[in-house]
2 protein chains.
Amino acid sequence: MSISTGKKPSAGDRHAPPSGVLERGLFLMSLFSMERPRLQLRDLAQLSGLDKATTLRALRTLAKWGYLERTPEGAYSPGPVNLRLASIFKATSNFIARLEAPISAISGRANQTASFFVRSRDDRVCLVRDHAFQDFRYFIEVGGTVKLSEGGAAAQLLLAYTEPEDDDARAAIRQAGHYISRGERNRHFASIAVPLFESDRSFLGAVTITGMAVDLDDEMLLGFKAMIGEEVAAASFTTA
Amino acid sequence: MSISTGKKPSAGDRHAPPSGVLERGLFLMSLFSMERPRLQLRDLAQLSGLDKATTLRALRTLAKWGYLERTPEGAYSPGPVNLRLASIFKATSNFIARLEAPISAISGRANQTASFFVRSRDDRVCLVRDHAFQDFRYFIEVGGTVKLSEGGAAAQLLLAYTEPEDDDARAAIRQAGHYISRGERNRHFASIAVPLFESDRSFLGAVTITGMAVDLDDEMLLGFKAMIGEEVAAASFTTA
DNA sequence: ACAGACATTTTATTAGATGAAACGGAAGAG
DNA sequence: CTCTTCCGTTTCATCTAATAAAATGTCTGT
């Protein structure tokens, strides 16, 4: 009753928990992140706003199927089944595996974080990521999604190449074949995003290099563009 | 009613579908595999034994949260969220990333499939795998689980090192520091499994090399043991 | 021995899951 | 072109199975 009618002004319930057992279970899974890879019942119940007993039942089922596993201390963390599903996912989008080496090489040569994003409805999803030596806590993790409306170099570029309704700004981005952002999503960062095409010229997504704004002037970012082109060409992709 | 009382002797319902919405949803996810990465509503309903409407509702929720995505043709396949959870899983079991290079090297040097398994309750789970040039359809995929009771070199070795109740056979395996199987799970294959320890000597799981029995006599399999030791040592693991 | 923090079980109540049937739309055959 | 078939989707009366508050169990530290 506390969900539909009552109000729980307790700490962590910014959003009301979803209704429906399956949705609640998936919601619980979504509470795990790189920053919080292990959570105990109490935390999950509080974060989700669900009753302890309800949370426990869901966690048990999730653990029974390997989506979660219990640590020796009794906390929960994502389990091995996710690996299985991730490898099936990778197999269905056949180009991800092919992109891993180029992204790694790009990251190494730029000594910055390199990523690959695709559009999924109104979000962008990070599918490949290599961190070089940077502190990665400010970034979206692999598989993570961000609303396109939140901006960023990758978002602008994805919109330019995939949005049905066109305008001058988007045409200009396509004309240039890249987009540079400065502090658009995070004040301290700058990025360049370039489009990635399959060998048959079909658009796949955006390759980006991101780093601290102080380290990267526009000239340097622009210089990365040719290098990205070289590296992805080794895997038969193109950037134009 | 068809689930609890009725009988559906149709094609693919070897097991009755689980009850509980969450469990049913997870069950649906488990129907995807490397061999069947895309399934449509009809297939999923039939394979699971669930009603079409029930299946549809679950699939919609799963897709809404990114666990599944729809192909242009309307079929379902595992979605990008699995990638996110897999990377969190990898981060929590920090040794997986460290093992990937050694497994790859072992596979290359033996020119056979190399894998790493851990025990999870009464199952073994494949966490790392490199295929060399073999046809991989006969093998468990990464993240895949198999009952320990089904045997195989890895299963025997995991039992020897993790089962609380000991017996002579298990003590002998620990004494030898390896286990060789021939046709135990599959008539045509042979494997050697060796234990993997963290640098502090805590047991992690089993490294195996598997190939066609005709190509691998016991002497050859035994010869791999030292090589495995060398390669994992490069990542500060040990095999004894 | 007591208190506090968590995990787990129990149970009466009803929200919400279920599935048979009907509908709709697309593709193919005659 | 109409008829048929095959799927996905919607609807709705029925009742299973999910819910949450409270009680109980299990630690840990004082």
Side-chain angles (χ1 to χ4, degrees), chain A residues 1-13 15-29 31-32 36 38-65 67-77, chain B residues 1-13 15-29 31-32 36 38-65 67-77:
Chain A
M1 198 159 282
S2 63
I3 280 130
S4 45
T5 66
K7 291 188 179 180
K8 288 206 168 181
S10 59
D13 59 343
H15 311 295
S19 82
V21 207
L22 179 53
E23 200 150 10
R24 286 175 173 190
L26 301 180
F27 180 53
L28 285 171
M29 291 300 297
L31 298 175
F32 293 89
R36 311 235 213 86
R38 294 165 226 267
L39 294 166
Q40 42 187 10
L41 173 59
R42 179 191 44 125
D43 304 319
L44 287 160
Q46 185 170 40
L47 287 168
S48 64
L50 295 168
D51 186 273
K52 259 197 304 178
T54 304
T55 306
L56 179 65
R57 277 189 299 268
L59 293 177
R60 268 216 260 265
T61 305
L62 257 359
K64 174 177 169 185
W65 286 79
Y67 283 80
L68 292 177
E69 59 184 9
R70 301 205 68 169
T71 69
E73 303 80 38
Y76 296 84
S77 66
Chain B
M1 196 157 284
S2 64
I3 280 133
S4 45
T5 68
K7 290 189 180 180
K8 288 205 170 185
S10 60
D13 59 342
H15 310 296
S19 82
V21 211
L22 179 53
E23 200 150 10
R24 286 174 173 192
L26 302 179
F27 179 53
L28 285 171
M29 291 299 298
L31 297 176
F32 292 90
R36 308 231 207 95
R38 295 166 226 266
L39 293 167
Q40 41 189 6
L41 172 60
R42 177 192 35 138
D43 304 319
L44 287 160
Q46 185 170 40
L47 286 168
S48 65
L50 294 168
D51 186 272
K52 261 196 302 180
T54 306
T55 306
L56 179 66
R57 277 188 296 266
L59 293 177
R60 269 216 259 265
T61 307
L62 256 1
K64 175 177 169 186
W65 287 78
Y67 283 81
L68 292 178
E69 58 185 9
R70 301 205 67 169
T71 69
E73 303 80 36
Y76 296 84
S77 66

Open item on the list: Could you measure the distance from the CG atom of A:Asp43 to the CD atom of A:Gln40? Nearest 0.5 Å is fine.
Closed with: 5.0 Å
- [ ] Output the distance between atom CG (B:Leu22) and atom CZ (A:Arg60), rounded to the nearest 0.5 Å.
- [x] 13.0 Å
Task: Residue B:Lys52, side-chain heavy atoms: nucleotide from D:dT11, D:dG8, C:dA7 that is nearest - done: D:dG8
- [ ] Could you tell me the separation between the CG atom of B:Leu44 and the P atom of D:dG8, rounded to a whole number of Å?
- [x] 9 Å
Open item on the list: Counting the atoms with a prime plus P, OP1 and OP2 as sugar-phosphate, which does B:Gly20 contact under 4.0 Å by heavy atoms, base, sugar-phosphate, or nothing?
Closed with: sugar-phosphate
Task: Length of the CZ-P vector between A:Arg60 and D:dA17, whole Å - done: 18 Å
TODO: Measure from the side-chain heavy atoms of B:Ala53 and tell me the nearest of C:dG19, D:dT9, D:dA20.
DONE: C:dG19
TODO: Take atom CG of B:Leu50 and atom P of D:dG8, then tell me their distance rounded to the nearest Å.
DONE: 15 Å
Task: Nearest-Å distance for atom pair CG/C1', residues B:Leu41 and C:dG19 - done: 14 Å
Open item on the list: Do B:Arg70 and B:Tyr76 form a cation-pi contact, if we require the NZ or CZ to be under 6.0 Å from the six-membered ring centre and within 45 degrees of the ring's axis?
Closed with: yes
Open item on the list: Of the listed nucleotides (D:dT19, D:dT9, C:dG19), which one gets closest to any side-chain atom of A:Thr54?
Closed with: D:dT19
Open item on the list: Output the rounded distance in Å from OH (B:Tyr76) to P (D:dG8).
Closed with: 8 Å
Task: Nearest-angstrom distance from the residue atom CD of A:Glu23 to P of C:dG16 - done: 12 Å
Open item on the list: Is A:Arg24 close enough to D:dT19 that one of its side-chain N or O atoms is under 4.0 Å from OP1 or OP2 there?
Closed with: yes
Task: Interatomic distance where CG belongs to A:Asp43 and C1' belongs to C:dA5 [whole Å] - done: 12 Å
Task: Nearest-angstrom distance from the residue atom CG of B:Leu47 to C1' of D:dC7 - done: 16 Å
- [ ] Run the numbers on A:Phe27 and A:Leu47 for side chain to side chain contact (heavy atoms under 4.5 Å, CB included), then give the verdict.
- [x] CA-CA 10 Å; A:Phe27 180 53; A:Leu47 287 168; over 6 Å; no
Task: Residue closer to the 5' end of DNA chain C, A:Gly74 versus B:Val21 (nearest nucleotide) - done: A:Gly74
TODO: Please report the C-alpha distance between B:Trp65 and A:Met29 in whole Å, then the side-chain angles of each, then the deciding distance to 0.1 Å, and finally whether the side chain to side chain contact (heavy atoms under 4.5 Å, CB included) criterion is met.
DONE: CA-CA 10 Å; B:Trp65 287 78; A:Met29 291 300 297; over 6 Å; no
Open item on the list: By nearest heavy atom, map A:Arg57 and B:Arg57 onto DNA chain C; which one lands nearer the 5' end?
Closed with: A:Arg57
